[in-house]
Amino acid sequence: MNADAIISTVRGFMPPFATSMGMTVDHLHEGLPVIAFDYGPQVMGRPGYLHGGAMSGLLEIAAIAALRVTLVSDEGAVKIKPVNITINFMRGGREARTYALGEVTRIGRRVANVEAKAWQDDPGKPIATVFMNFLLTQPS
């Protein structure tokens, strides 16, 4: 799948809350979309920091984007349903652009495991991570 097709796929599933928070596909990293948003009132928590829910939402969208891109290239149309989510907040997000990248760590016929990391200045210093498990089903 080429870069334009990947970006189009991700934009096609973005829910309204992601759009209202300003989430976009910033760029691709090894064929996977990097989702980002800018700091602003819609993602602000305590003064000068990101809201934990905004970070969680960004991570969830990045995880789903990685899974969607992987499923389109590997399996075709598959419905996904989040089953479990574990979020680790590592440091406070500041007033800066925030990025997140998901990676499918395991995919089977019925279950997929995805990890996503959010960062601001350095991808090697994440501000939060998420581990998500998804149930995969064929459309009826």
Please give me the minimum heavy-atom distance between [X] and [Y], naming the atom from each residue.
X	Y	result
Leu59	Ala100	CD2-CB, 4.4 Å
Ala36	Arg97	CB-NH2, 3.5 Å
Phe89	Ser56	CZ-OG, 3.5 Å
Met14	Met23	CE-O, 4.0 Å
Met132	Ala63	SD-CB, 3.7 Å
Ala66	Val104	O-CG2, 3.9 Å

Straight-line distance of [X] [atom1] to [Y] [atom2], nearest 0.5 Å:
X	Y	atom1	atom2	result
Trp119	Thr129	CH2	OG1	12.5 Å
Ile35	Thr98	CD1	OG1	13.0 Å
Arg110	Gln138	CZ	CD	10.5 Å
Asn133	Ile80	CG	CD1	12.0 Å
Asp38	Glu95	CG	CD	12.0 Å

> Testing Asp26, Thr24, Leu50, Ile61 for side chain to side chain contact (heavy atoms under 4.5 Å, CB included) with Phe37, which one passes?
Replying inline: Leu50
> Which residue, Met90, Met55, Lys117, forms the side chain to side chain contact (heavy atoms under 4.5 Å, CB included) with Ile127?
Replying inline: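 With Ile127 as partner, side chain to side chain contact (heavy atoms under 4.5 Å, CB included) holds for just one option, Met55.
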> Okay, side chain of Gln120, backbone of Arg94: is any donor-acceptor separation there less than 3.5 Å?
Replying inline: yes
Indicate if [X] and [Y] have the same hydrophobic cluster label, given that clusters are the connected sets of ILVMFWY residues with side-chain heavy-atom separations under 4.5 angstrom.
X	Y	answer
Val114	Val111	no
Phe13	Leu32	yes
Leu67	Leu135	no

> Should Met44 and Tyr39 be marked as a side chain to side chain contact (heavy atoms under 4.5 Å, CB included) after you check the CA-CA gap, both sets of side-chain angles, and the distance that decides it?
Replying inline: CA-CA 7 Å; Met44 187 172 74; Tyr39 185 85; 2.9 Å; yes
>> With a 6.0 Å cut-off (strictly less than), is the heavy-atom count around OH of Tyr49, excluding the residue itself, greater than 12?
In response: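 It does not: Tyr49 OH has 12 such atoms or fewer within range.
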[X] vs [Y] side-chain heavy atoms within contact, under 4.5 Å:
X	Y	result
Phe131	Asn88	yes
Val34	Val25	no
Val43	Leu58	no
Ile87	Glu60	no
Leu136	Lys79	no

